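Only one structure is covered here, and it is reproduced in the block below.
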Amino acid sequence: MNRQTADHATLADKFNEDEPRVNWHDQTLWWVRAKRDRIAWTIPEWEQLRDTASSIKLNALGNLHDYLLQFEQQAQQNGAIVHWAADAAEHNRIVTEILQKHGVKRMVKSKSMLTEECHLNPHLEANGIEVIDTDLGERIVQLAKEPPSHIVLPCIHKKKEEIGELFHEHLGTPAGNADPQFLTAAARLHLRKEFLLADAAITGVNFAVAETGEMVVCTNEGNADMGAHLANVHIACMGIEKIIPQRKHLGVFLRLLARSATGQPITTYSSHFRKPREGQELHIVLVDNGRSRQLGREDFRNSLKCIRCGACMNTCPVYRRSGGHSYHNAVAGPIGAILAPNLDMKDYADLPFASTLCGSCSNVCPVKIDIHQQLYKWRQVLVKEGYTSTAKTAGMKVMTGVLSAPGVYKAAGKMGRWVMRAFPGMVNNRMNPWYKQREMPVPPAQSFSEWYKKNKKST
Amino acid sequence: MSSREKILAAIKQHQPEASALPSLTGLSGNMPGTLEAYRKVLEGLGGVLFEIKAESEIPAILAQQYPGLQRVIAASDIQRTWANEDPHLLEDVDMAIVPGQWGVAENGAIWITEEDIHVRVLPFICQHLAIVLPRERLLPTMHEAYEQIGAPQSGFGVFIAGPSKTADIEQSLVLGAHGAKSLVVFVIG
Amino acid sequence: MKVGLFIPCYIDQFYPQVGIATLQLLQKLGCEVEFPQGQTCCGQPMANSGYEHLTHQCNSLFIKNFADYDYIVGPSGSCVLHIKDHLHDPAAEPQAEKIRQRIYELTEFLTDVLKVTSLPARFPCKVGLHQSCHGQRGLGLAQMSELVAAPFSKPEQLLRMVEGVELVPLDRADECCGFGGTFCVAEEAVSVKMGKDRVADHVKHGAEVITGTDVSCLMHMEGILRRQHAGVKVMHIAEILNQYTDEQANS
């Protein structure tokens with residue numbers, strides 16, 4: 001667990017020390033957003049598709065108990081071994097025990113945000129099991145000893161030159177070579193060896209179908225398949241909210257997922273795992289870790305509809321200019337900011353405030369989660385539960401007192417404007433965060449209401 | 001109480017009132033299921049398409065497109081000794097030729113099942129992949145595809161759309177991540 | 001038609017000219033307008049900071065001031081949206097509901113209620129239109145670039161009625177400027193960076209004036225422009241739509 005103590009504003013401030021890099025980060029992700037827009041416009045039924053996906057997910061949440069039982073039964077009939085984990089610790093314990101039972105010392109893992117959420121890698125390493133992340137972006141951040149900064153594009157914060165250096169150090173590529181084509185080819189060779197050696201493979205799950213007990217895993221690289229089809233043990237780790245009712249519903253989600261995520265029509269591979277390969281063991285770990293609690297929060301349960309496309313991150317003007325690590329959580333961006341407080345209100349009390357509530361996230365969300373409304377609602381909850389500073393609360397109370405009494409408001413306004421005109425230094429100084437990079441408005445001699453009193457008859 | 005019971009009890013207590021499932025009709029719009037539409041999308045994904053009349057035309061085309069192929073295997077080969085060997089031994093396959101069941105024009109994807117490929121890892125571990133798809137098996141969207149596929153008949157199935165790829169390094173698209181580096185689709189008939 | 005003029009607190013205190021332009025514009029279009037003197041703030045700054053539960057006095061005051069009007073009109077999409085979404089008072093819920101239904105942001109009032117098709121306005125200038133998020137995505141003043149849906153823009157519709165206005169295109173038609181209420185000081189670095197980027201888009205495309213439906217966004221962008229000595233001005237849309245009257249009055 002690497003819990004950071006700095007909050008989003010502090011980490012974002014640090015990220016902004018290098019403005020050209022912020023520009024690069026912003027433009028790279030905006031380009032992904034623009035690709036998403038272009039491909040969405042090729043589907044005239046796009047908004048209907050979003051509505052449908054959202055309704056299917058609502059149905060899934062309303063029947064989650066039964067669907068999970070159905071999924072479990074089907075999966076068992078298919079020959080899979082199903083495990084239930086109440087929290088991250090239990091998930092990690094289950095996975096470790098499976099691996100230990102098979103004497104696994106080195107294994108491959110394709111992308112799974114759930115295992116990031118549970119901090120599985122450090123747990124396995126502490127138990128003497130080496131994990132090789134096989135998604136290229138994840139392997140890069142793993143070599144850099146960093147967490148992913150984006151759920152779909154894990155190393156979007158890294159420049160190719162930095163990746164070239166990492167590969168030079170760890171994979172022995174020539175120093176100074178930062179060509180993406182060359183680096184990808186080097187990673188292919190390096191990871192092929194790992195795939196061929198691995199005794200076990202962990203994959204995430206994009207969709208689990210209650211009707212059939214099958215799991216769909218989507219990748220562009222083919223790493224989930226290379227791992228799962230070569231290893232003798234396949235462990236699929238999934239949050240309980242990944243359940244969808246029927247197979248035909250995959251059509252809706254697979255049409256939306258990649259288009260929303262990267263602007264491509266579908267991922268290269270949409271693999272439907274139903275039965276273990278002959279001679280293989282297939283384990284499915286169903287993880288709660290706060291999800292059943294979130295299900296009970298009426299205002300926030302829709303966050304469980306998320307299909308982890310990352311569109312809300314790519315469109316978020318704050319995410320693009322603060323970077324994924326500023327959210328100090330496995331899932332960054334707007335969706336991370338509404339999921340994280342459910343995990344720990346104290347640690348993540350800052351995240352719902354890391355937004356202007358512009359609403360772009362809700363508009364790109366393929367399952368129509370009202371993300372910005374939930375950010376607003378989390379703010380109310382966090383204040384009521386006492387997770388904001390007492391100074392802020394005191395300030396707010398003074399503000400409310402002034403603003404709810406017209407006489408006091410008028411006097412204060414007049415006084416404030418007079419102070420600003422007479423002693424600009426009192427507000428125009430480094431202590432005022434507004435003034436640091438912005439001029440204060442020029443205070444007028446009279447307010448509108450003063451003007452109105454004098455002029456209303458003549459207009 | 002086991003975790004299973006605990007989780008299920010919490011869900012039962014917290015889940016919202018059940019809502020109806022939406023209808024899936026009308027979602028495909030006027031998406032064409034034509035060869036032209038399919039070809040355009042596939043080429044956009046970095047794949048190549050050849051129209052052929054018979055499978056016998058394939059070797060010549062491959063020889064021209066991929067000079068120097070060493071190990072080429074076809075899933076339809078009646079011999080296929082490799083199907084009973086350790087899948088790791090497929091690591092040196094340069095080209096695998098496999099049959100596809102359904103092609104989807106809107107996204108270039110082709111549905112393939114375990115029965116078609118015999119060894120699950122085959123279309124991933126090969127350096128290059130060729131899929132043979134009957135012309136009449138092209139469909140407009142994923143909705144028609146799932147209608148046709150119906151209930152699962154096999155332990156593993158996959159939609160493959162183009163060669164494997166990544167854009168993880170600065171969003172630069174590179175074909176050939178871990179799976180096949182290129183894809184040829186032969187539309188037959 | 002009796003219109004209650006809702007002038008948000010920071011406009012009252014810092015941008016009285018926006019209040020004046022709004023009042024004159026509405027009067028010119030034939031509305032009977034009153035400005036209830038007891039008004040202060042809609043409560044949004046507190047609510048967006050998580051203190052919605054402290055806004056009940058603001059709510060009661062708002063209801064007291066505006067319950068008797070046929071329409072309530074304000075030159076701020078953000079404040080209007082807050083009232084529309086959050087104005088409640090257990091002691092006066094019917095009045096609160098009426099206000100929520102009858103409150104309009106200025107431009108939507110002009111296009112949807114008054115159904116204005118022409119304006120006696122002239123403003124020969126290259127203008128960049130900033131789509132403030134709460135007006136655009138919250139009130140639906142304009143189509144949002146994220147949606148696959150037919151475009152429209154109520155503020156643009158009105159600006160096109162003004163003789164001489166040349167609207168400049170933007171690279172990012174509706175990206176947030178980064179003001180965001182208390183966000184502008186709590187997340188100073190990101191807020192300013194967003195503002196700088198937004199302003200740069202307008203400047204790059206030759207805007208001489210940046211306009212919009214929300215003074216808060218404009219105040220933020222103005223602060224950045226003035227620090228940069230950019231020479232580009234900001235004006236609220238009411239000031240442009242009311243421009244001709246001003247010139248006549250001055251001459």
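Reminder, nothing fancy here: chain letters follow the sequence lines and each chain counts from 1. Quick note: numbers below take in every heavy atom, side chains included, and nothing from hydrogens, waters or symmetry partners. Here the structure is a predicted model, which is why all the values come from computation and not from measurement.
Side-chain contact between A:W434 and C:E188 is absent, with no heavy-atom pair separated by less than 4.5 Å. No side-chain heavy atom of A:S322 sits under 4.5 Å from any side-chain heavy atom of C:E187.
Ranked by heavy-atom pairs shorter than 4.5 Å toward chain C, the options A:I43, A:N23, A:N432 are led by A:N23. For the set C:Q17, C:H53, C:R172, the entry with the most heavy-atom pairs within less than 4.5 Å of chain A is C:R172. With chain C as partner, the option from A:R379, A:Q380, A:E19, A:R33 having the largest number of non-hydrogen pairs under 4.5 angstrom is A:Q380. If you tally non-hydrogen atom pairs under 4.5 Å between each of A:H8, A:K14, A:M440, A:E45 and chain C, the highest count goes to A:H8. The residue among C:S60, C:S145, C:S191, C:C42 with the most heavy atom pairs within less than 4.5 Å of chain A is C:S145. Your options are C:C177, C:G43, C:G180, and the one with the most heavy-atom pairs under 4.5 Å with chain A is C:G180.
Closest approach of A:D13 to C:A189, counting heavy atoms only: OD1-CB, 3.2 Å. Nearest heavy-atom pair across A:F353 and C:S49 is CE2-O, 3.3 Å. Scanning both residues, A:V22 and C:K193, for their nearest heavy atoms gives CG1-CE, 3.9 Å. Among all heavy-atom pairs drawn from C:Y15 and A:P441, the shortest one is OH-CB, 3.7 Å. Heavy-atom minimum distance, A:C358 versus C:C133: CB-SG, 3.3 Å. In this structure, C:L147 and A:W41 approach most closely via the heavy-atom pair O-CZ2, 3.4 Å.
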inquiry  = For a side-chain contact (heavy atoms from CB on, under 4.5 Å) check, start with the C-alpha distance between A:E439 and C:R227, then their side-chain angles and the critical distance, and finish with the verdict.
reply    = CA-CA 6 Å; A:E439 297 298 325; C:R227 180 62 60 89; 2.6 Å; yes
side-chain contact (heavy atoms from CB on, under 4.5 Å) between A:Y452 and C:L23: does it pass, once the steps are laid out?
CA-CA 10 Å; A:Y452 184 81; C:L23 174 68; 3.9 Å; yes
Using the side-chain contact (heavy atoms from CB on, under 4.5 Å) rule, take C:T22 and A:F448 through it: C-alpha gap first, then chi angles, then the decisive distance, then the call. CA-CA 11 Å; C:T22 306; A:F448 173 75; over 6 Å; no
- Begin with the C-alpha distance, continue with both residues' side-chain angles, and end with the deciding distance and a verdict on side-chain contact (heavy atoms from CB on, under 4.5 Å) for C:V192 and A:K436. CA-CA 9 Å; C:V192 167; A:K436 205 173 146 196; over 6 Å; no
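For chain C, the nearby parts of A:V442 are the backbone and the side chain; heavy atoms of each come within less than 4.5 Å. Only the side chain of C:E175 comes within contact range of chain A, with at least one heavy atom under 4.5 Å from a heavy atom of that chain. Heavy atoms of C:I20 lying under 4.5 Å from chain A belong to its backbone as well as its side chain. Contacts between A:A354 and chain C at a heavy-atom distance below 4.5 Å involve backbone atoms as well as side-chain atoms. Heavy atoms of A:D26 lying under 4.5 Å from chain C belong to its backbone as well as its side chain. Neither the backbone nor the side chain of A:L375 comes within contact range of chain C, judged by heavy atoms closer than 4.5 Å. Within the 4.5 angstrom heavy-atom criterion, only side-chain atoms of C:L61, from C-beta onward, approach chain A. Neither the backbone nor the side chain of A:Q48 has a heavy atom closer than 4.5 Å to any heavy atom of chain C. In this structure, the portion of C:V33 lying under 4.5 Å from any heavy atom of chain A is its backbone and not its side chain. In this structure, chain C has heavy atoms under 4.5 Å from both the backbone and the side chain of A:L357. Proximity to chain A involves both the backbone and the side chain of C:A47, based on heavy atoms less than 4.5 angstrom apart. Neither the backbone nor the side chain of A:F15 comes within less than 4.5 Å of any heavy atom in chain C. C:H56 does not touch chain A: none of its heavy atoms, backbone or side chain, sits under 4.5 Å away. If you measure heavy-atom distances from C:S132 to chain A, you find no contacts under 4.5 Å at all.
Between the side chains of C:R137 and A:S362, no donor-acceptor pair is found at a separation under 3.5 Å.
Salt bridge absent: A:R50 and C:E146 never bring a charged side-chain N and a carboxylate O closer than 4.0 Å. Ion pairing between a basic and an acidic side chain is recognised when a charged N comes within 4.0 Å of a carboxylate O; C:D197 and A:R321 show such pairing.
For the atom pair A:K410 NZ and C:T40 OG1, the distance stands at 8.5 Å (nearest 0.5 Å). To the nearest 0.5 Å, atom OG of residue A:S447 and atom CD1 of residue C:I11 are 12.5 Å apart. A distance of 12.5 Å separates CG of C:L225 from CZ of A:R438, quoted to the nearest 0.5 Å. Once rounded to the nearest 0.5 Å, the distance linking NZ of A:K384 with CD of C:E52 reads 7.5 Å. Atom OG of A:S449 is separated from atom CD of C:Q39 by 8.0 Å, given to the nearest 0.5 angstrom. Taking CD of A:Q437 as the reference point, atom CD of C:Q228 lies at 10.0 Å (rounded to 0.5 Å).
Using a 30° and 60° split on the angle between ring planes, C:H86 and A:Y376 fall in the parallel class, below 30°.
Annotation: C:K84, atom NZ; neighbour count of heavy atoms from other residues, nucleotides and ligands within 6.0 Å is above 12.
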